[in-house]
Amino acid sequence: MENNLHTSRHSLSHIMAKAVQELWPGTKLGIGPAIDNGFYYDFDSEHKFVPEDLKTIEAKMKEIIKSREKFVCESMSKDDAIKLFESRGEVYKVELVKELEDGTISIYRTGEFIDLCKGPHIEHTGLINNFKLTHIAGAYWKGDEKRPMLQRVYGLSFENKDALNAYIKQQEEAAKRDHRKLGTELDLFSINENVGPGLVLLHPKGGMLRKELEDWIKNENIKRGYDMVYSPHVARLHLWQISGHANFYSENMFQPIEVDEQKYQLKPMNCPFHIEIYRSHLRSYRDLPLRYSELGTVYRYERSGVVHGLFRVRGFTQDDAHIFCTPEQVGKEVEDCFNFALHIMKTFGFKNYSVELSVWDENKPENYTGTKEDWEKAQAALEAVLNANKVPYTVHAGEAAFYGPKIDIKVVDAIGRSWQLSTIQFDFNLPGKFDLEYVGNDGKRARPIMIHRAMFGSIERFMGVIIEHFAGLFPLWLAPVQVKVLTLTDNEIEYSKALVAKMKMAGIRAEIDCRSEKLGAKIREAHVQKVPYSIIVGSKEAAENKITLRLRSGTNMEGLEVDDFIKTLKEEVAAFSLENYYK
RNA sequence: GCCGAGGUAGCUCAACGGUAGAGCAACAGUUUUGUAAACUGUAGGUUGUGGGUUCGAAACCCAUCCUCGGCUCCA
């Protein structure tokens, strides 16, 4: 069934291309594959597609579908294929054919329409039963920004109309948990035009969420033997020249600023600072491994079209750490980092994540520092950890950092895009650049190995991901407001204020809602703001010195002792638990 | 950065060449409420910004900034 769907999606892309060429003769074809939810085709056309064209194309496609035209496969020699596509002006197809290995080439005809294609296809166009064109976007030919930009038309297609509608419905539901939308609704953060693109303002509730995350990760670091360090946001450009960032990373850096005729650079990474701390003493093998951690705020110049909510910003804080160790220690250190990352996935309840091993592109050594031998050794070391832990992973060539290979963990956002969180990176560039040393047990100087790692990745991105993951319904320990006390009348204000004060003293984030609104309105507001627990106080509660608890689900628990409630709440918080999450 | 679509009140949107409006939120008053929105009123905008066209511009043109969907790139 899955294969059939893939085939019919691919056939749809042919039908769309045929429709477009009939509507706008002279349109050249790029590529047109089936994708996860449908299909697309890239066109080079003098006609600039506008959204209204989608309806026109759809109508034309429906005609083609009605005509039940056959998909006919033909084989021919490479030379004949080149001649055929040249005669039709299909320059992109000619380029594709030329890249194919010598031998027989297959093409598919649908009436007059011809496409280079290895198939398979459905038998005839009449077998298509549903599709919907969704949007137009630009896409570089062969994904290369130096090549022409083609116009890509996307379409959706599923087994049947119900499945298509279900998909559209699901996307609409997913959009409701978009962190940018929830960020405004729950008053967590804003990104303001005066401040600048990609620069985040955390409002009090977002600030509290971040504080909880920071406390948690600092604790986890300390438990695992990390030291905490702090470093400045700028440093002399000289530092970045030593590290190589000024050469290999300059495209991603803000322009230097001049102070007292010296150039200073806003930091895009924290590594050089931690290295300078390492260099502040002569180190012994007995000192290693040294693990320096910092919530380091970095600034990167991101091109204007790529910033995206909290996911891709220009100023962000990494839960960064650098581990300096001997070659013998490196395997265990990488493994510990990897398990740390898995611990995060578990604590926050992520089940849908993927592990990637990012290695260099050996055809482009000029983009990297280090020798071939370095790279192969390091990649083998990372691979060994993944294999030993029996983790499924994929290898991505050319996605390594310029200074070394890495293990990345990615999670999927509300609408299916995947974002990198944890990263564990090998570095054989910086120890050499900064001439790092330690004294071995033989009394000789040796070069330490350096590992960069971030577990959340960046706190901003991580916050964005958990906002979507929990759809704003944070587990108790993360909820910016944990308890809202709702008064029934003004007579209960005094008792309620005392309750709030008592909870605050116990370390619970409680607020009062004593507006002159009806109880229903206060409950609604607390619900919309996704507060985990509400306490309702009327004359009965105040007289008996008790509380009525209302859970997020709507369940009520009457006649509770305040002290008991505080105790249970504190236990739930301390457990960092997702157990009570759905109650 | 590139292709395309957009920026109107705090939020969601309307008006689309002829006096900028609505709902929610905010604020004030009234109401004192028992489980998902009380009532009345008030205030809030050089329509992103800067130019231009026009008797007249939120609307048309140019530039620029920002946002969104992709591409490319990344934590």
Side-chain angles (χ1 to χ4, degrees), chain A residues 40 42 48-51 53 134-154 175 178 180-181 184-185 187 190-198 249 251-252 268-270 296 298 300-320 358 398-399 401 406 408-410 415 417 419-423 425 452-462 464-465 486-493 514-528 534 536-541 548-551 554-556 558:
Chain A
Y40 68 79
D42 287 347
K48 296 285 168 245
F49 295 117
V50 294
D53 291 337
T134 53
H135 59 286
I136 301 157
Y140 296 107
W141 170 236
K142 294 203 158 173
D144 183 345
E145 60 181 325
K146 293 188 186 70
R147 306 294 302 269
M149 177 155 279
L150 309 180
Q151 302 184 76
R152 177 172 296 176
V153 180
Y154 283 93
D178 188 306
R180 293 167 297 185
K181 188 170 156 63
T184 305
E185 286 171 4
D187 199 16
S190 63
I191 296 172
N192 174 304
E193 206 170 318
N194 287 333
V195 177
Y249 207 67
E251 277 182 7
N252 296 296
M269 294 192 188
N270 303 300
V298 297
R300 297 186 185 172
Y301 172 72
E302 297 291 349
R303 297 199 286 179
S304 61
V306 307
V307 290
H308 181 104
L310 294 178
F311 285 166
R312 188 84 179 270
V313 292
R314 284 183 172 164
F316 60 99
T317 302
Q318 298 177 305
D319 66 312
D320 207 358
S358 297
E399 294 200 2
K406 54 184 185 157
D408 294 325
I409 295 185
K410 294 188 176 178
I415 47 179
R417 292 174 292 208
W419 297 89
Q420 181 181 323
L421 297 181
S422 309
T423 181
Q425 312 182 343
H452 305 239
R453 48 109 286 197
M455 294 291 110
F456 286 156
S458 91
I459 296 181
E460 287 77 2
R461 179 176 290 179
F462 195 79
V465 167
L486 315 179
T487 57
L488 200 66
T489 74
D490 289 353
N491 298 327
E492 293 85 34
I493 291 180
C514 56
R515 295 173 302 162
S516 70
E517 294 283 350
K518 288 187 149 178
L519 180 62
K522 296 183 187 184
I523 284 176
R524 180 173 190 280
E525 168 106 354
H527 186 264
V528 167
S534 296
I536 293 156
V537 179
S539 55
K540 199 171 61 181
E541 287 83 0
T548 294
L549 184 65
R550 188 184 197 276
L551 307 183
T555 309
N556 270 0
E558 287 180 34

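As the structure is a prediction and not an experimental result, all values here were calculated from the model. The chains referred to below are lettered A, B, ... by the order of the sequence lines, with proteins before strands, and numbering in each begins at 1.
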Worksheet entry | Rounded C1' spacing from U49(B) to C65(B) in Å | 7 Å
Worksheet item: Start at the 5' end of RNA chain B and walk down; is the nucleotide closest to Asn491(A) or to Ile523(A) reached first?
Response: Asn491(A)
Discussion item. Within the 4.0 Å heavy-atom criterion, would you say Glu460(A) contacts the bases, only the backbone, or no part of the nucleic acid?
Written reply: nothing
Discussion item. Given G4(B), G34(B), G1(B), identify the nucleotide with an atom nearest to the side chain of Lys48(A).
Written reply: G4(B)
Item to complete: For Glu525(A) and A37(B), give me the distance from atom CD to atom P, rounded to whole Å.
Response: 13 Å
Fill in: Whole-Å P distance, A36(B) and U31(B)
25 Å
Worksheet item: Is the base of C74(B) touched by the side chain of Arg461(A) through a donor-acceptor pair closer than 3.5 angstrom?
Response: yes
Discussion item. Using a 4.0 Å heavy-atom cut-off, does Ser422(A) contact any base of the nucleic acid, only the sugar-phosphate backbone, or nothing at all?
Written reply: nothing
Practice prompt. Can you tell me, in whole Å, how much space there is between the P of A37(B) and that of G7(B)?
Written response: 34 Å
Discussion item. Applying the 5.5 Å / 30° rule, does Tyr154(A) stack onto the base of G70(B)?
Written reply: no
Discussion item. Need one value for Asn556(A): base, sugar-phosphate or nothing, where a base atom within 4.0 Å counts as base even if backbone is also close, heavy atoms only.
Written reply: base
Worksheet item: Under 4.0 angstrom, heavy atoms only, what part of the nucleic acid is Ser534(A) near: base, sugar-phosphate, or nothing?
Response: nothing
Worksheet item: What is the base-pairing partner of U49(B), counting Watson-Crick and G-U wobble geometry with both distances under 3.5 Å?
Response: A63(B)
Worksheet item: Hey, does Ala139(A) reach any base, or is it just sugar-phosphate, or nothing, if we go heavy atoms under 4.0 Å?
Response: sugar-phosphate
Worksheet item: Does OP1 or OP2 of G69(B) have a side-chain N or O of Arg180(A) closer than 4.0 Å?
Response: yes
Discussion item. Of the listed nucleotides (G1(B), C66(B), A75(B)), which one gets closest to any side-chain atom of Pro197(A)?
Written reply: C66(B)
Worksheet item: Which whole-number value in Å describes the distance from Ile136(A) CD1 to G6(B) P?
Response: 11 Å
Item to complete: Select from Glu145(A) and Gln318(A) the residue whose nearest nucleotide in RNA chain B is closer to the 5' end of that strand.
Response: Glu145(A)
Worksheet item: Does any N or O donor sit under 3.5 Å from an N or O acceptor when you compare the side chain of Tyr40(A) with the base of G70(B)?
Response: no
Worksheet item: Expressed as a whole number of Å, how far does the C1' atom of A25(B) sit from that of C55(B)?
Response: 40 Å
Worksheet entry | Sugar-phosphate only, base, or nothing, as touched by His135(A) at under 4.0 Å among non-hydrogen atoms | sugar-phosphate
Worksheet item: If you look at every strand shown and take non-hydrogen atoms under 4.0 Å, does Gly305(A) touch a base, only sugar-phosphate, or nothing?
Response: base
Worksheet entry | Lys518(A) NZ to U31(B) P, straight-line distance once rounded to whole Å | 15 Å
Item to complete: With heavy atoms under 4.0 Å as the rule, sort Gln151(A) into base, sugar-phosphate or nothing.
Response: nothing
Worksheet item: Does U40(B) pair with anything, Watson-Crick or G-U wobble, both distances under 3.5 Å, and if so, with which nucleotide?
Response: A28(B)
Fill in: Touch class at under 4.0 angstrom, heavy-atom based, for Val298(A) against every strand present
nothing
Worksheet item: So what does Glu302(A) hit on the nucleic acid, given a heavy-atom distance under 4.0 Å: a base, only sugar-phosphate, or nothing?
Response: base
Worksheet entry | Among A5(B), C68(B), A38(B), the one nearest Ser516(A) by side-chain distance | A38(B)
Worksheet item: So what does Gly538(A) touch, heavy atoms closer than 4.0 Å: a base, only the sugar-phosphate, or nothing?
Response: base
Practice prompt. Just call it for Arg300(A): base, sugar-phosphate, or nothing, with non-hydrogen atoms closer than 4.0 Å on any strand.
Written response: base
Item to complete: Write down the distance separating the C1' atoms in G1(B) and U72(B), rounded off to the nearest Å.
Response: 9 Å
Discussion item. Could you tell me how far apart Leu310(A) (CG) and A75(B) (P) are, to the nearest whole angstrom?
Written reply: 17 Å
Discussion item. It should be established whether Arg152(A) places a side-chain nitrogen or oxygen under 4.0 Å from OP1 or OP2 of nucleotide C3(B).
Written reply: no
Response to the item:
Atom NZ of Lys522(A) and atom P of A25(B) are separated, to the nearest Å, by 15 Å
Practice prompt. Using only heavy-atom distances, decide whether a donor-acceptor pair under 3.5 angstrom links the side-chain of Arg312(A) to the base of C74(B).
Written response: yes
Fill in: Which nucleotide in C66(B), U72(B), A37(B) has an atom nearest any side-chain atom of Arg524(A)
A37(B)
Discussion item. Using whole Å, what does the distance between atom P of nucleotide U35(B) and atom CZ of Arg550(A) come to?
Written reply: 10 Å
Practice prompt. Could you work out which one of C2(B), A36(B), U32(B) sits closest to the side chain of Thr489(A)?
Written response: U32(B)
Practice prompt. Take the protein atom CG of Leu551(A) and the nucleotide atom P of A36(B), then report the distance between them rounded to whole Å.
Written response: 14 Å
Fill in: Touch class at under 4.0 angstrom, heavy-atom based, for Glu492(A) against every strand present
nothing
Item to complete: Mind calculating the distance between CG (Asn194(A)) and P (C66(B)) to the nearest angstrom?
Response: 12 Å
Practice prompt. Taking only the side-chain heavy atoms of Met149(A) (C-beta and beyond), determine which of G1(B), A36(B), C2(B) contains the nearest atom.
Written response: C2(B)
Fill in: Whether over 12 other heavy atoms sit under 6.0 Å from Lys518(A) NZ
no
Worksheet entry | Shortest side-chain distance from Thr184(A), nucleotide among C11(B), A75(B), C66(B) | C11(B)
Worksheet item: At under 4.0 Å between heavy atoms, what does Gly138(A) touch on the DNA or RNA strands: base, sugar-phosphate, or nothing?
Response: base
Item to complete: Quote, to the nearest angstrom, the P distance that separates G44(B) from A22(B).
Response: 13 Å
Worksheet item: Can you tell which of A75(B), C71(B), C66(B) lies closest to the side chain of Lys406(A)?
Response: A75(B)
Item to complete: Between G45(B) and U40(B), how far apart are the C1' atoms? Round to whole Å, please.
Response: 25 Å
Practice prompt. Spell out yes or no: do the side chain of Glu541(A) and the base of G34(B) have one donor N/O and one acceptor N/O closer than 3.5 Å?
Written response: yes
